[in-house]
Amino acid sequence: MSTIGPRLHNTLSRTRETLEPIAPPRVQIYACGPTVYDHPHIGNFRYFVWTDVVHRFLQWRGYDVDLVMNLTDIDDKIIERAEQAGVSIGDLAEKFIRAFHDGLETLRILPAASYPRATEHIAEMVDLIEKLLTRDHAYVVEGNVFFRVASFEDYGQLTHLVADELQTTDRVQGDEFGKRDPRDFALWKAVPPGEPNWDAPFGAGRPGWHLECSAMSMAAFGGTFDLHLGGADLAFPHHENEIAQSESATNETFVKYWMHCQHLIVDGAKMSKSLGNFKTLAELEAAGNDPAAIRYLLLSVHYRRQLNFTDEALEQAHAAVQRLRETYRRLEERIAERRGEASPTATERLERALHQAERDFAAALDDDLNTSGALGHLFLLVRELNAVLDLDGEPPGLDLMIAVRAWLRSIDEILAVFEAPTMSVSRQHEDTELQASGPPIDATLADLVLDRIVARREKDFGLADTLRDQLKEVGIEVEDAGDAARWKLLTTTRST
């Protein structure tokens, strides 16, 4: 791999820039995390998987990644949901924080170095507001504190908007009262009696949404850090406001590189509960989908393109993951056999394919994290590897096959899709224990695999063929080995 840093699209400059960390090899990354008022949907996980790929890729490239992802645990929606549920905001937030972490684990997303919560950093937020008031970048109206956008001449630098293009989003429309300029935004909000609040010199209240990330990122990294990640919808106003308040308080560049991930849509339409296309990770799992296939689909499209999440696309992701796993299994078996002289032709062919994959896979990711291009280069190697393994006669050299295996393991440090969950079943038949294993499937289908072993043992080949065909109809192929068998998935297999 090259010693030159990868080139990443910086939203701030609208160009690809070579990553040059402030204190290499350390890379400081702040990623906007969830507002914990509900279960995350699959669109949220598109962003979280992308953040994980950034994390894993930079580690793979040799950087020491320090990733911080915040948790917004105080917000209008959290207060409203807690009231509806008759629970405290703390209990509600804790429930959905657990759900968030469960989803990260399911999709094999590496943990961040820390997950700061907004409610744990109120003191830092108050201090930041006081600096902005002292420097005349903010003003107080009846206990509300607003940032004075006109005081920051570079406002709009991230999204390249001019004053008449700036509009308030739904997320902050409730912060309008008392503003001197429509562009100004709330740093601190006076709240009605009974709502959660904290004491402050300018009056009891709670922080504005934008302020939270500035205070938490500064607590983690100081006034300037390397890389800020977020969804495309956060660029304005959230990240624009982060820059304004942070740089006004410190007189320093807030962030060197900004990266934004595009939205996920479902069947060509925006994900919405009203449209009935709102999908959660738990629902997809309950339908029998392999989490690795979900992860594969979420990372298979370049992060700056919208991802259309369809049943067909998910089926294709299942097939792709299954092909990767099956190829890897075949390679492992051939290495374990350790027999036969090496074929010069097969060795040369596979060596050429490996060198090309090593070069092109890394180059694609170095080019603004082009995961779709990287996967294309991976499957070129998979095609060549299967072709070589299918050749009659002598295999490629053992050392070369071990090198291919090592490279596949290496890139799975980024992809995290090769490792397949497995299940095994057994049954006593007369004096023999029958065994079968393979990827997780419904217990009824696994029992049919054992029935087929029995039929073959008793030489009832008609029944064995019938059971084989029944299994194949639902996407399961069985490989026989005496009183044992192994099944593999030919396509997506749903639980029954």
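Stacking of Arg405 on the aromatic ring of Tyr328 is not recorded, the 6.0 Å distance cut-off and the 45° axial limit not both being met.
Using a 4.0 Å cut-off between charged side-chain N and carboxylate O, Lys189 and Glu195 make no salt bridge. Of the charged side-chain nitrogens involved, none lies within less than 4.0 Å of a carboxylate oxygen, so that Lys77 and Glu83 do not count as a salt-bridged pair. Taking 4.0 Å as the cut-off between side-chain N and carboxylate O, Asp75 and Arg81 do not count as a salt-bridged pair. For Arg7 and Asp366, the salt-bridge test fails: no basic side-chain N is under 4.0 Å from an acidic carboxylate O. A salt bridge links Glu326 with Arg329; the closest basic N to acidic carboxylate O contact falls under 4.0 Å.
Every salt bridge (Lys or Arg N to Asp or Glu O under 4.0 Å) that Asp52 has, sequence neighbours left out, goes to Arg56, Arg295.
With a 6.0 Å radius and a threshold of 12 heavy atoms from other residues, nucleotides or ligands, Arg359 has its CZ atom above the threshold. Counting heavy atoms of neighbouring residues, nucleotides and ligands inside a 6.0 Å radius, atom CG of Asn251 exceeds 12 of them. The local environment of NZ in Lys256 is crowded, with over 12 non-hydrogen atoms from other residues, nucleotides or ligands closer than 6.0 Å. Atom CD of Glu105 sits in a sparse spot, with 12 or fewer heavy atoms from other residues, nucleotides or ligands closer than 6.0 Å.
Residues Phe48 and Phe100 place their aromatic rings such that the two centres sit under 6.0 Å apart.
When each of Asp76, Asn197, Thr119 is tested with Arg206 by the rule side-chain hydrogen bond (donor to acceptor under 3.5 Å, both in side chains), just one qualifies, namely Asp76.
Between Val255 and Thr224 there is no side-chain heavy-atom pair separated by less than 4.5 Å.
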